[in-house]
Amino acid sequence: MTQLILSPQEQGSPNGPLLQIEGEATLENISDLKQALLELLAQNAPLTIDFAKATRIDLACLQLVCSARRSAENAQKKLYLRGTSQDAFRSVLEDTGFQLSGEELSHLVSA
Amino acid sequence: MQEQQKEAFREEAYELLSELESSLLELEENPEDQDLVGQVFRAMHTIKGSGSMFGFDDISAFTHDVETVFDLVRDQKIPVTNNLVNLSLSARDQILAMLDAGTGQGTVDEVQTRRLTEQFRALIPGQESDAATMEEEPQTKPDGKQECSYRIWFKPCAEIFLSGTNPVALLNELRDLGSCHIRGVMDDLPELEGLNPELCYSSWEIKLTTDRGRGEIEDVFIFVEDESEIHIDLLDAHEAAPAAPAAKDTAPLPLQSEQPQSPGRSKAPAENKSSANAEASIRVPASKLDSMVDLVGELVTIQSRLSQTAAGREDAELMSIAEEVERLTGELRDNILNIRMLPIGSTFSKFKRLVRDLSQELGKNIELKTSGADTELDKTVIEKLNDPLIHLIRNSLDHGIETPEERKAAGKSEVATVHLAAIHSGDSVIIEINDDGRGINIDAIRSKAIEKGLIAQSDELSDKELFQLLFAPGFSTAKTISSVSGRGVGMDVVKRAIEALRGSIEISSSRGEGTRVSIRIPLTLAIIESLLVGIGNSKYVLPLNLVEECIELSREDVERSHGRSLAKVRGHLVPYIPLREHFDTEGTRPDIEQIVIANINGSQVGFVVDHVVGEHQTVIKSLGPIYRDAQGVSGATILGDGTVALILDVSELMKGAMRDEASVPDRAACC
């Protein structure tokens with residue numbers, strides 16, 4: 001059974017709120033993830049998503065994250081990704097042929 | 001379930017094969033037409049792909065080489081030649097045979113399969129035609145295969161996740177084919193609020209270097225090709241360098257301007273078209289339609305009963321309901337019958353092939369022109385028309401059309417024309433076969449008919465009547481019997497087949513100019529407009545399309561004609577058949593009877609009945625095997641009050657009467 005644990009923390013990171021993703025961030029749970037992201041992004045602070053504990057990430061999740069980044073960008077907010085060098089995130093990028101683009105990301109990607 | 005899918009594949013394949021045939025024939029005329037090449041290729045590709053999916057491995061393996069050849073044709077590496085078209089047509093027939101064999105009809109000529117496969121392999125440059133490797137999939141022998149680079153653009157449909165297909169799995173399959181550089185694109189990704197996270201917004205640009213053929217790349221997408229946008233372009237062979245590892249830049253792969261294939265010619269647009277077609281129509285077994293037509297028939301019967309009851313009650317409310325039901329039933333009937341209508345064009349394209357093959361065999365130069373291919377006819381009628389039409393066309397090609405030398409000598413163009421036309425005319429369709437051949441020698445018919453004892457030396461027959469003699473059993477004016485026609489069975493079989501469809505056939509011809517065969521077929525077989533008549537207590541039905549008029553026949557008229565069954569209609573003498581006597585009906589003749597004048601193949605015949613009831617919607621029911629030999633009756637129908645009325649076969653009645661006349665010599669002399 002695929003399981004996703006979302007642990008939003010109001011002050012989880014030095015930058016502000018943090019969404020800790022644990023387990024499988026895949027199509028089956030994608031609506032929950034979207035909901036959580038929407039709520040956190042509505043707050044007026046930079047958001048960090050931490051994938052370090054994710055065991056599996058799929059294309060749907062990747063799309064969602066990209067969309068969230070686009071929204072944040074347009075709203076002049078910061079969205080940081082963490083844990084993207086872990087296996088789960090790396091393999092979804094490899095499989096799908098996407099790259100984390102833009103300078104913004106390269107410095108955001110921190111283990 | 002598996003069987004159902006196989007059946008669906010078969011149906012699709014039959015359709016594709018007939019499309020393939022017409023594409024190939026067109027291609028023969030326009031060898032440069034890349035669209036046609038594309039059509040042939042796609043047909044082969046689909047047959048191969050779905051063949052292997054549903055376990056028709058023989059078809060799939062056989063089609064593979066044909067497809068490979070057409071891929072090369074598409075890339076303009078092999079020219080379209082007559083030989084190629086011939087070979088492809090044979091291959092198409094072979095696939096058809098394989099399909100038929102799969103349903104237990106006929107067997108496949110394995111030797112022919114091998115021979116064709118070898119011939120196709122011989123066309124592929126750098127491929128030795130080795131029968132020993134036949135069973136092996138060619139890609140298992142990479143030796144001698146050149147590495148090619150392809151650029152693939154893959155945009156899955158948005159719902160791909162929901163259909164259970166993971167696009168990433170497809171990408172992985174591509175990775176297995178060779179070295180692969182995949183770049184994902186998410187250009188039209190909406191913002192988070194507007195995002196449906198269960199849809200796919202991604203597309204991919206893939207550069208694949210592989211020694212496998214294009215076919216294998218296409219196979220990867222076989223389950224999604226209908227819904228997705230897929231372009232596969234062959235890049236220049238020189239670019240076949242191993243793909244560089246994913247560069248860190250996100251610039252799109254440079255577009256090659258020298259790419260040999262424009263996207264417009266790639267498969268995506270046509271695939272989209274086919275999926276649009278799929279949405280616009282559904283496939284229904286013909287048996288379901290048949291039972292629907294039966295039900296509507298029942299409904300029409302009940303409706304006429306309702307109308308009759310309502311008319312008897314003088315209840316205004318009931319009457320208005322009955323009228324409403326009548327209107328709706330009529331619409332429903334027309335709609336249902338319309339569903340069964342198919343354009344006759346598919347049959348026409350079959351004849352293209354027939355004419356092509358036959359004219360090669362006969363050494364004649366014949367062009368088949370068709371018109372009215374979109375004329376619609378009942379499905380069953382079209383199927384039953386096939387054999388008679390084949391026979392007529394064969395006849396025309398074999399006997400009618402002269403050899404090129406003869407034509408030249410007669411001052412005609414060397415290319416003969418056979419014109420096949422379908423024309424809508426009222427509740428019938430007229431199918432005409434016109435040729436510009438030598439025409440029919442009417443004197444030959446005459447002497448042959450006298451020789452066979454069909455007519456007497458002294459008989460004066462009109463040309464029309466003489467031509468009708470051609471339909472007499474065993475009548476053939478051909479001096480020699482060829483493989484094409486003149487096998488004894490012939491025109492009489494054609495005529496019987498046409499009459500079984502309640503149609504009629506006529507020939508006209510002028511010496512040296514050509515022959516015209518004209519077939520008139522009613523649009524549908526299930527429900528006809530008819531004239532309901534009464535004799536004594538019985539009711540009979542005559543097809544309305546044959547009825548010209550009704551006139552009165554008084555006792556005085558009968559006495560005046562001195563026992564001859566002839567009535568004067570507008571100055572013409574029209575023979576009539578007293579149906580009361582014919583059917584041995586009990587009771588006495590009324591003082592004033594009615595003659596229903598029918599026109600059968602141009603001659604007028606009257607049928608004497610007690611009274612004419614009026615027009616009637618007749619749902620034709622067959623009489624069943626016991627009454628199969630009953631002459632003069634073609635079926636039955638159930639009337640509104642539940643009684644059965646027989647449907648009269650007027651042409652059979654007329655023939656019967658003529659036979660009777662002939663057997664009474666003194667009477668015949670009177671006429």
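To find a chain, count down the sequence lines: A is the first, B the second, and so on, and within it residues start at 1.
- Across all their heavy atoms, A/L27 and B/F161 have their closest contact at CD2-CB, 3.6 Å.
- Heavy-atom pairs under 4.5 Å with chain B peak, among A/A75, A/A72, A/C66, at A/C66.
- Here B/N196 contributes atom CG and A/S31 contributes atom OG; the two are 7.5 Å apart, rounded to the nearest 0.5 Å.
- Counting only heavy atoms from C-beta outward, the side chains of B/V168 and A/D58 never approach each other to under 4.5 Å.
- Distance check, rounded to the nearest 0.5 Å: OG of A/S67 to CG of B/L195 gives 4.0 Å.
- Without hydrogens or angle criteria, A/S71 side chain to B/L192 main chain gives a donor-acceptor distance under 3.5 Å.
- Atom CD of B/E198 is separated from atom CG of A/L64 by 11.0 Å, given to the nearest 0.5 angstrom.
- Atom OH of residue B/Y201 and atom CG of residue A/L59 lie 12.0 Å apart, to the nearest 0.5 angstrom.
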Any chance you could lay out the side chain to side chain contact (heavy atoms under 4.5 Å, CB included) test for A/T96 and B/I182, step after step, and finish with the verdict?
CA-CA 8 Å; A/T96 55; B/I182 298 175; over 6 Å; no

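- Among all heavy-atom pairs drawn from A/E94 and B/R175, the shortest one is O-NH2, 2.8 Å.
- Side-chain contact between A/Q63 and B/P197 is absent, with no heavy atoms from C-beta onward closer than 4.5 Å.
- A/F98 and B/G184 make their closest contact through CE2-C, 3.1 Å (heavy atoms, listed as atom of the first residue, atom of the second, distance).
- Residue A/L33 does not touch chain B at all, counting heavy-atom pairs closer than 4.5 Å.
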